[in-house]
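Treat the numbers as computed from the prediction; the structure is a model and nothing was measured.
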Amino acid sequence: MKILDETLKKPNGKWNRQALTMFLFSLLGALTGVYIVVSDYFLQKEINQYAIIVVGLFLTMASGQAVVTT
């Protein structure tokens with residue numbers, strides 16, 4: 001838990017919005033990507049192309065926040 005406090009909070013103890021946004025979109029991108037892969041394996045039908053674009057957008061937003069934060 002200490003690593004989350006040090007990573008997601010500013011030195012004054014307040015939450016860093018940019019770090020929280022980066023963490024949230026990374027998590028959403030990973031979860032959505034895993035869901036697409038698992039559903040593709042079990043359903044064995046074509047995945048909607050827009051679902052794959054959404055994963056890319058989540059990860060692009062996370063990367064953009066990482067560039068802005070550093």
Does anything in residues 27-54 form a ring-ring contact (aromatic ring centres under 6.0 Å, His included)? List the pairs, not counting sequence neighbours.
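Those involving residues 27-54 do not exist here.
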For the residue pair Met22 and Ala62, what are the closest heavy atoms and their distance?
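So the minimum-distance heavy-atom pair works out to CG-O, 3.5 Å.
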Minimum heavy-atom separation for Phe23 and Leu8, please, with both atom names.
CB-CD2, 4.0 Å
Applying the 4.5 Å side-chain criterion to the ILVMFWY set and letting contacts propagate, would Leu27 and Ile36 be lumped into a single cluster?
no
Check for me, please, whether Val55 and Ile52 land in the same ILVMFWY cluster - side-chain distances under 4.5 Å, paths through other members count.
yes
Going by heavy atoms in the side chains, are Asn16 and Lys9 under 4.5 Å from each other?
no
Inter-residue atom distance Ser39.OG - Ile47.CD1, 0.5 Å rounding:
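Between Ser39 OG and Ile47 CD1, I get 4.0 Å after rounding to 0.5 Å.
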More than 12 heavy atoms of other groups within 6.0 Å of Ile3 CD1:
no
Quick one: does any side-chain atom of Thr32 pair with a main-chain N or O of Gly29 as donor and acceptor, under 3.5 Å?
no
With sequence neighbours excluded, residues passing salt bridge (charged side-chain N to carboxylate O under 4.0 Å, His left out) with Glu46:
none
Got a sec, which hydrophobics cluster with Leu24, joining ILVMFWY side chains under 4.5 Å apart, including via others?
Phe25, Leu28, Val54, Phe58, Met61
